[in-house]
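Being a predicted model, the structure only gives us computed values, none of them experimental.
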Amino acid sequence: MDEWPSLPLDEWRKTCDTLHMYSQIAGKIRLALAPMEPQWANVPLYVTARGLTTSAIPCGNRNFSIEFDFVAHNVDIVVSDGKSRAIALADGKSVADFYAEMMDAMLAYD
């Protein structure tokens, strides 16, 4: 690949703003559950080949991660016991609807 594709912000500003708020929800979940580390090292999202991930978050006797898969247009919640759940990243989905789906998905593992 000789050069990166053009990505004019004006053309995807709404998507950028929505993704920012969606990722804040994942970050707040991680902040609430992961043990505190120096310089807030417990809260960043990490870049993967397909998007972003929280990496492992401890929760009781299990761990889980929240993975934004921009190729499949999903947010995957993957649990160390083999369970997983996908939330679609759909056009027009409000932040409130995404939050409700995330909370429903998280409570499904209780």
Side-chain angles (χ1 to χ4, degrees):
M1 189 153 89
D2 292 333
E3 62 184 72
W4 288 88
S6 175
L7 192 58
L9 181 58
D10 289 340
E11 293 178 20
W12 74 288
R13 182 177 301 279
K14 288 175 72 175
T15 300
C16 179
D17 292 344
T18 301
L19 178 59
H20 179 229
M21 290 182 276
Y22 285 6
S23 64
Q24 284 183 327
I25 292 167
K28 294 292 185 176
I29 292 169
R30 188 169 184 192
L31 177 63
L33 296 174
M36 189 66 178
E37 293 184 24
Q39 299 180 358
W40 300 92
N42 55 308
V43 295
L45 297 177
Y46 299 100
V47 176
T48 69
R50 296 178 63 99
L52 302 169
T53 185
T54 59
S55 73
I57 300 171
C59 187
N61 294 328
R62 300 175 291 180
N63 291 309
F64 71 95
S65 63
I66 301 171
E67 302 172 3
F68 288 81
D69 185 336
F70 299 140
V71 176
H73 302 279
N74 288 327
V75 174
D76 300 314
I77 300 171
V78 181
V79 185
S80 59
D81 61 10
K83 296 177 184 173
S84 66
R85 186 154 180 187
I87 300 169
L89 291 172
D91 284 342
K93 183 184 292 189
S94 71
V95 175
D97 288 343
F98 178 79
Y99 176 82
E101 288 184 48
M102 281 291 290
M103 294 303 104
D104 287 346
M106 298 298 296
L107 291 173
Y109 296 118
D110 255 355

Looking at side-chain heavy atoms only, is the closest gap between Ile87 and Lys93 below 4.5 Å? yes

Considering the options Ile25, Ile57, Ile66, which one meets the side-chain contact (heavy atoms from CB on, under 4.5 Å) requirement together with Arg30? Ile57

Over all atoms of both residues, closest heavy-atom pair of Ser6 and Pro8: OG-CD, 3.3 Å

What one should report as the nearest heavy-atom pair of Asn42 and Ala34 is ND2-O, 3.9 Å

Any chain of hydrophobic side-chain contacts (each under 4.5 Å) joining Leu19 to Val43? no

Side chain of Ser65, backbone of Glu67: donor and acceptor closer than 3.5 Å? no

Judged by atom type as modelled, is there a donor-acceptor pair below 3.5 Å linking the side chain of Asp81 to the main-chain atoms of Lys83? yes

Side-chain heavy atoms nearer than 4.5 Å, only ILVMFWY residues, links allowed to pass through others: does that put Val75 and Tyr99 together? yes

Common cluster, Val78/Leu33, ILVMFWY with side-chain heavy-atom separation under 4.5 Å: no

Could you check whether atom NZ of Lys28 has more than 12 heavy atoms from other residues, nucleotides or ligands sitting under 6.0 Å from it? no

So, do Asn74 and Leu89 sit near enough that their side-chain heavy atoms are less than 4.5 Å apart? no

Is there a side chain to side chain contact (heavy atoms under 4.5 Å, CB included) between Thr18 and Phe98? Walk through the geometry before answering. CA-CA 10 Å; Thr18 301; Phe98 178 79; over 6 Å; no

Sidechain N-carboxylate O distance under 4.0 Å for Lys14, Asp17: no

Distance check, rounded to the nearest 0.5 Å: Asp69 atom CG versus Arg50 atom CZ? 4.0 Å

Side-chain heavy atoms of Met102 within contact of Tyr22, under 4.5 Å: no

Taking all atoms of both residues into account, what is the closest heavy-atom pair of Phe68 and Ser23, and its distance? CZ-CA, 3.8 Å

Looking at Trp12 and Leu7, what are the two nearest heavy atoms and their distance? NE1-CG, 3.4 Å

Min side-chain heavy-atom separation Val47-Leu52 under 4.5 Å: yes

Answer with yes or no whether the hydrophobic clustering places Ile77 together with Leu31; edges join I, L, V, M, F, W, Y residues whose side-chain heavy atoms lie under 4.5 Å apart. no

With a 4.5 Å heavy-atom cut-off, do Met103 and Ile29 have their side chains touching? yes

